[in-house]
Amino acid sequence: MKLYGSPTSPYARKTRVLIKEKNLPVEFVVEDPWPDDSPIIDKNPLSKIPVLEVGPGNYLFESVFVAHYLDNIDGRPLQPKDAEGYWHSQWWQALGNGIIDSVIARILETRRPPEKQWPEKMAREERRVQRAIDLAEQVYRGNRFLVGYAFTMADLVMGVALQYVDFRYPHDWRTSHPKLARWHASITSRRSFEETLPPGFVKPD
Ligand SMILES: N[C@@H](CCC(=O)N[C@@H](CS)C(=O)NCC(=O)O)C(=O)O
């Protein structure tokens with residue numbers, strides 16, 4: 001199998017961390033989805049990454065779906081088995097995916113020509129991220145993992161999301177969210193995270 005993506009995309013990174021966690025034989029191929037003639041278009045008409053090639057001419061796209069596919073491929077999904085834990089894990093993933101969406105929306109706005117930027121849009125995305133981090137600190141129970149007693153997709157998605165905050169919207173969220181900061185330091189020290197860091201990523205103090 002091949003995974004098409006970019007080394008800085010947080011959507012692709014979720015699937016890259018998952019591939020490392022599960023030690024799956026998937027080749028990572030760097031392709032840029034932005035140009036009008038991007039080679040991604042032949043694989044995904046939406047021209048977005050990640051894209052997973054599961055067979056000749058057979059492509060999956062949309063990171064939540066790609067991650068779901070990869071997570072189930074070995075019959076040992078990184079999901080809590082009990083219903084309550086399962087939905088709790090989905091809740092964390094929704095929060096993490098939402099943080100990624102907001103940080104992306106904010107960074108894209110900052111890349112527009114200054115006269116076309118919309119400061120209120122940026123501020124709105126920043127408030128979303130702020131509220132999501134506040135809620136995460138509130139809900140997190142302080143255990144080693146976000147849900148139950150093992151690493152799950154909740155840890156993976158939230159770990160990637162907060163590292164993407166550090167990458168593209170660096171600010172000190174740690175001082176006011178000490179529990180979450182401790183959990184994040186522990187999760188992102190895993191080999192799967194270390195080996196998929198975006199180029200140029202500066203680790204926060
Ligand atoms: N909802 C999609 C979002 C994917 C996405 O927006 N990826 C970005 C890279 S970070 C992309 O391909 N952007 C190209 C574009 O928007 O034209 C997913 O989760 O896979």
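Each ligand, and each atom within it, is numbered from 1 in the order the structure gives. Throughout, residue positions are numbered sequentially from 1 according to the sequence presented. Only heavy atoms go into these numbers, but all of them, side chains included; no hydrogens, no water, no symmetry mates. For clarity, every value in this text was computed on a predicted model and none was experimentally measured.
Looking at R128 and E125, a side-chain N of the basic residue comes within less than 4.0 Å of a carboxylate O on the acidic one, giving a salt bridge. A salt bridge links R127 with E120: the distance from a Lys NZ or Arg NE/NH1/NH2 to an Asp or Glu carboxylate oxygen falls below 4.0 Å.
Evaluation of the side chain to side chain donor-acceptor pair (under 3.5 Å) rule for Q90 yields Y86 as partners, not counting sequence neighbours.
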Please list, one pair per line, the donor and acceptor atoms closer than 3.5 Å that link side chains of residues 21-31 to other protein atoms, with sequence neighbours excluded.
unit_1, atom_1, unit_2, atom_2, d
E21, OE1, R190, NH2, 3.0
E21, OE2, R190, NE, 2.8
E21, OE2, S192, OG, 2.5
K22, NZ, D71, O, 2.9
K22, NZ, D71, OD1, 3.3
K22, NZ, D74, OD1, 2.8
K22, NZ, D74, OD2, 3.1
K22, NZ, R76, O, 2.9
E31, OE1, K43, NZ, 2.7
E31, OE2, K43, NZ, 3.4

Between side-chain atoms of residues 46-54 and protein atoms elsewhere (two or more places apart, or another chain), which donor-acceptor pairs fall under 3.5 Å?
unit_1, atom_1, unit_2, atom_2, d
S47, OG, P33, O, 2.8
E53, OE2, Y59, OH, 3.4

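For ligand 1, the protein residues placed under 4.0 Å by at least one non-hydrogen atom are S9, P10, Y11, P33, W34, S47, K48, I49, P50, E62, S63, I104.
Ring geometry for F167 versus F201: interplanar angle of 30 to 60°, hence tilted.
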